[in-house]
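Here is how names work: the chains are called A, B, and so on, in the same order as the sequence lines, proteins then strands, and each is numbered from 1.
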Protein chains: 2
Amino acid sequence: MIRRLSQARERGIPEATVARLPLYLRALNGMSERGLATVSSEDLAVAAGVNSAKLRKDLSHLGSYGTRGVGYDVEYLIYQISRELGLTQDWAIAIVGVGNLGRALANYGGFVSRGFRVAALLDADPAVVGDRIAGLNVEHIDELEAVIRRRGVSIVVLATPAAAAQQVADRVIAAGITSILNFAPVVLSVPEGVDIRKVDLSIELQILAFHEQRKTDRMTGGAAMAEEWPEAVDL
Amino acid sequence: MIRRLSQARERGIPEATVARLPLYLRALNGMSERGLATVSSEDLAVAAGVNSAKLRKDLSHLGSYGTRGVGYDVEYLIYQISRELGLTQDWAIAIVGVGNLGRALANYGGFVSRGFRVAALLDADPAVVGDRIAGLNVEHIDELEAVIRRRGVSIVVLATPAAAAQQVADRVIAAGITSILNFAPVVLSVPEGVDIRKVDLSIELQILAFHEQRKTDRMTGGAAMAEEWPEAVDL
DNA sequence: GTCCCTTTGTGAACCGGTGCACAAAGTGAT
DNA sequence: ATCACTTTGTGCACCGGTTCACAAAGGGAC
């Protein structure tokens, strides 16, 4: 039996798997709190809302951490997933843009819970600079590069207006940041090697609207909608 | 019952395409504002941050709305995509949970811009019920079913604490809602036919952390991390 | 040890989506 | 009308990811 390297994982975890690991982690934490010692792939899959075969394959990418006939040790699996995701270290994040959304993010408990720490809040508006939000002083955007350096920020969250996002992105990237979570409704162009993830509230709603429309269309039998322009439309 | 429309679109638009249509729409709106009359698939693809072949295939699912040698008529395409997404009608949405996030969502301009209208805000906390936010009165969660009926709400946004989300979801579904946008960090279980979309802020951060860790690992050459448990870990 | 039961880990088929590359279709010039 | 040029729409090969289904592995009883 030839065991490759230490485990079956030669550092090539599929993107789809990575996206689900936080889900498993959350389910496992709930089980840990309820005192469960072990869990089967079936039970964990149900808790995470996925297919059990998929869960097993996902976990197999991390290594062979289960015991046949028994299941997975909850605490051990929490540790392994946390380590894989990099949550055993402390990540300092900066939030740029302290509007309604920025404030919500700053106060959002879910960040702090697992390895993330809001280390800085920045804004361009002099009216909010100096405000104290979630225990932090809002600093002026001019301080961006200095703050990133000083606080060891490695992930930046953009909650600015759309018009400012690209400009801020350019600056944080120039300052050495390579991971950005973007809430502004724009397509950012960034150099190779920089990871951008995008959360777009209105796009999610539009997707829902599409499906909702189809459902109601089907119920009213109104399959035949106008294909052409309506009579009067202002161009 | 043979349903088939005039064009090549027999009502089977791939999910991946649907998810990109809002992106195209946003890019097209920008072009419309700048006065562009037509746009090539190449230019639109760049603006939306996708491959041009993919864009053409996506649009071909809606119908044959381009002109070879010329491109697409901006206004016409805006209209067609809007109609396909169901944005030519007005969608009343209710936001349940008026914490930091709920407030941010209520004030978020991006919703109103395209077919969506925040028609109700609800919360369980008597301290916030009655508050006026974004021009709306916050109503008590007891009124949920009545408000949904009275205002013609068809999409519900959940911005409640995790513990309350499933319960609220059950109620809105019982009230006839079939489209839910969930911001609470829980896996909701819902009956067949109900569409759930989930936005999870901390999961996005965890995915970024994973990639960030790999980048820094690679730079420091630290490929050999401990596979086993650390010496002292509290179970 | 042997038998039976449970559950993992994975080979292999399948499926949706991507992107290349090109024929078809249109424009404009001459 | 013809030619040169542009750009769409799509056939096809490819790829990552999902799911099925089962052999392999472990536990527990006797």
ask   = Which nucleotide in the list D:dT18, C:dG17, D:dG17 gets nearest to the side chain of B:Ala16?
value = C:dG17
remark   = Nearest-nucleotide check on DNA chain D, B:Leu59 vs A:Pro14; residue mapping nearer the 5' end is B:Leu59
ask   = Of all residues at least two apart in sequence or in a different chain, which pass the salt bridge (Lys or Arg N to Asp or Glu O under 4.0 Å) check with A:Arg171?
value = A:Glu145
task = List in chain and number order the residues that pass side chain to side chain contact (heavy atoms under 4.5 Å, CB included) with A:Val186, two or more places apart in sequence or in another chain; answer none if no residue qualifies.
result = A:Ala162, A:Ala165, A:Asn182, A:Ala184, A:Leu188
message = How many whole angstroms separate atom CG of A:Leu77 from atom P of C:dT8?
response = 11 Å
request  = Kindly point out which of D:dT18, C:dT10, C:dT18 is positioned nearest to the side chain of A:Arg20?
outcome  = D:dT18
request  = Quick one, give me the B/S/- string for nucleotides 20-30 of chain D, reading 5' to 3', where B means a protein heavy atom under 4.0 Å from the base and S means that only happens at the primed atoms, P, OP1 or OP2.
outcome  = BB--BBSS---
note = When rounded to whole Å, the CG to C1' distance for the pair A:Leu21 and D:dG17 reads 15 Å
inquiry  = Rounding to an integer number of Å, can you tell me how far A:His61 NE2 sits from C:dT8 C1'?
reply    = 15 Å
ask   = Can you find a side chain N or O atom of B:Tyr72 that sits less than 4.0 Å from OP1 or OP2 on D:dG9?
value = yes
inquiry  = Tell me every residue that passes salt bridge (Lys or Arg N to Asp or Glu O under 4.0 Å) with B:Asp170, counting only those two or more places apart in sequence or in another chain.
reply    = none
request  = Would you kindly give the CG-to-P distance between B:Leu62 and D:dT8, to the nearest whole Å?
outcome  = 15 Å
request  = Can you run down the side chain to side chain donor-acceptor pair (under 3.5 Å) pairs that involve residues 187-198 of chain B, sequence neighbours left out, and say none if there aren't any?
outcome  = A:Glu204-B:Arg197, A:Lys215-B:Asp195, B:Lys198-B:Asp200
note = Rounded to whole Å, CD of A:Glu15 lies from P of D:dT18 at a distance of 12 Å
request  = Round to a whole Å and report the spacing from CG of B:Leu55 to P of C:dG17.
outcome  = 16 Å
request  = If a pair satisfies salt bridge (Lys or Arg N to Asp or Glu O under 4.0 Å) and one of its residues is in residues 40-62 of chain B, list it, with sequence neighbours excluded.
outcome  = B:Arg20-B:Asp58
key: Pair A:Glu212-B:Ser154, side-chain donor/acceptor within less than 3.5 Å   = no
Residue pair A:Tyr65, A:Tyr72: steps toward the ring pair (Phe, Tyr, Trp, His ring centres under 6.0 Å) verdict = CA-CA 7 Å; A:Tyr65 296 145; A:Tyr72 300 89; 8.7 Å; no
request  = Just compare D:dT19, C:dG9, D:dT10 and give me whichever is closest to any side-chain atom of A:Lys54.
outcome  = D:dT19
note = Here the residues of residues 26-50 of chain A within 4.0 Å heavy-atom distance, strictly under, of DNA chain C are A:Ser40, A:Ser41
query = Taking only residues at least two apart or on different chains, which pairs with a member in residues 85-96 of chain B satisfy salt bridge (Lys or Arg N to Asp or Glu O under 4.0 Å)?
reply = B:Asp90-B:Arg117
Donor-acceptor pairs are to be reported for all side-chain atoms of residues 29-39 of chain A against protein atoms at under 3.5 Å, with residues two or more places apart or in another chain.
from	atom 1	to	atom 2	distance (Å)
A:Asn29	OD1	A:Arg114	NH2	3.3
A:Asn29	ND2	A:Leu25	O	3.2
A:Ser32	OG	A:Glu75	OE2	2.6

